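Right, one structure below, let's go through it.
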Amino acid sequence: MVQAVVRPEKVHKVMKSLLDAGFPAVTKMDVFGRGKQRGLKIGEIVYDELPKEMLFAVVADADKDLVVETIIKSARTGEKGTFGDGKIFISKVEESYTVSSATKD
Amino acid sequence: MKEVIAIIRMDKVNTLKHALVDAGFPAFTVRKVIGRGQGNVDARVIQGAVEGCPEAIARLKDDGPMLVPSRMMTFIATDETVSKLIDTIFKVCTTGQKSDGKIFVKPLVDVIRIRTGESGPAAVA
């Protein structure tokens with residue numbers, strides 16, 4: 001499972017890039033969070049939880065690197081990226097089932 | 001111990017909740033999510049494209065399959081009870097249509113009950 005926390009304004013670009021790369025199956029949810037920078041301080045106001053989108057896709061082991069690279073390229077702001085662009089986490093999925101056919105994949 | 005993530009239709013959540021209580025799985029966490037699988041295209045979008053509507057054509061061409069709101073239910077189970085949990089989900093949620101959803105089974109490194117500090121299988125029960 002590839003789980004990516006990305007900026008909300010980048011979600012459309014990330015999902016389109018994944019679709020074009022051959023990975024249409026993605027689920028997304030609204031989350032809030034912060035990284036090591038402890039949020040944003042703009043003038044006097046501190047935003048200590050920032051809205052992000054979490055995307056996840058279950059892919060074959062062989063496809064993992066391509067998926068990660070696709071997400072990084074499309075979710076980054078600018079050439080080098082900035083704080084707040086997000087993180088990607090990889091975890092193992094042992095089994096996967098399709099509900100409509102009630103079968104194991 | 002396993003983490004079982006089921007992405008299912010919104011209208012199946014309540015029925016599944018009750019069925020799972022009967023089957024011995026009262027505990028879950030649920031989140032609203034939006035997503036897509038391999039790609040059902042809504043018949044209305046196809047109809048719109050056939051009729052020449054520019055938005056429908058753009059959608060078919062550019063954005064790929066539509067995003068559909070669903071619910072993600074997360075459970076924890078011991079290795080022995082996982083298949084019963086999955087069978088109960090199939091019984092309630094399988095309608096044969098492609099947007100029924102998916103189930104993912106992931107290994108859990110540990111489970112801890114905050115109230116007592118127990119960990120491992122004792123915390124799953």
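All figures in this text were calculated on a predicted structure; none of them were measured in a lab. Throughout, a chain's letter reflects where its sequence line sits, starting with A, and its residues are numbered from 1.
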Greatest number of heavy atom pairs closer than 4.5 Å to chain A - which of [options]:
| options | answer |
| --- | --- |
| B:G96, B:S70, B:G35, B:A6 | B:G96 |
| B:K91, B:M72, B:R31 | B:R31 |
| B:V82, B:I8, B:I34 | B:I34 |

**Asked** Which pairs count as side-chain hydrogen bond (donor to acceptor under 3.5 Å, both in side chains) when at least one residue sits in residues 116-125 of chain B, sequence neighbours excluded?
**Response** B:R113-B:E118, B:T116-B:E118
Mind listing the closest non-hydrogen atom pair of [X] and [Y] along with its distance?
| X | Y | answer |
| --- | --- | --- |
| A:K92 | B:P107 | O-CD, 3.4 Å |
| B:R36 | A:P24 | NE-O, 2.8 Å |
| A:S100 | B:Q97 | CB-O, 3.0 Å |
| A:T98 | B:F90 | O-CE2, 3.8 Å |

**Message:** Name the residue from B:T94, B:V92, B:I7 that meets the side chain to side chain contact (heavy atoms under 4.5 Å, CB included) definition with A:V99.
**Reply:**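 The option that passes is B:T94.
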**Prompt:** Is it the backbone or the side chain of A:M15 that comes under 4.5 Å from a heavy atom of chain B, or both, or neither?
**Reply:**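 A:M15 touches chain B through backbone and side-chain heavy atoms alike.
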**Request:** Side chain from CB out, backbone as N, CA, C, O: work out which of these in A:V26 comes under 4.5 Å of a heavy atom of chain B, or both, or neither.
**Result:**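 Contact with chain B is through the backbone of A:V26 alone.
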Are the side chains of [Y] and [X] in contact, using a 4.5 Å heavy-atom criterion?
| X | Y | value |
| --- | --- | --- |
| B:V105 | A:Y97 | yes |
| A:K28 | B:L67 | yes |
| A:M29 | B:K32 | no |

**Asked** Any Lys/Arg nitrogen of B:K2 or A:E94 sitting under 4.0 Å from an Asp/Glu carboxylate oxygen of the other?
**Response**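 Yes.
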**Request:** Could you go through the side-chain contact (heavy atoms from CB on, under 4.5 Å) check for B:V4 and A:E95 one step at a time?
**Result:** CA-CA 9 Å; B:V4 177; A:E95 298 174 342; over 6 Å; no
**Prompt:** Should we count CG of B:D22 as having more than 12 external heavy atoms under 6.0 Å?
**Reply:**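 Atom CG in B:D22 is packed in, count exceeds 12.
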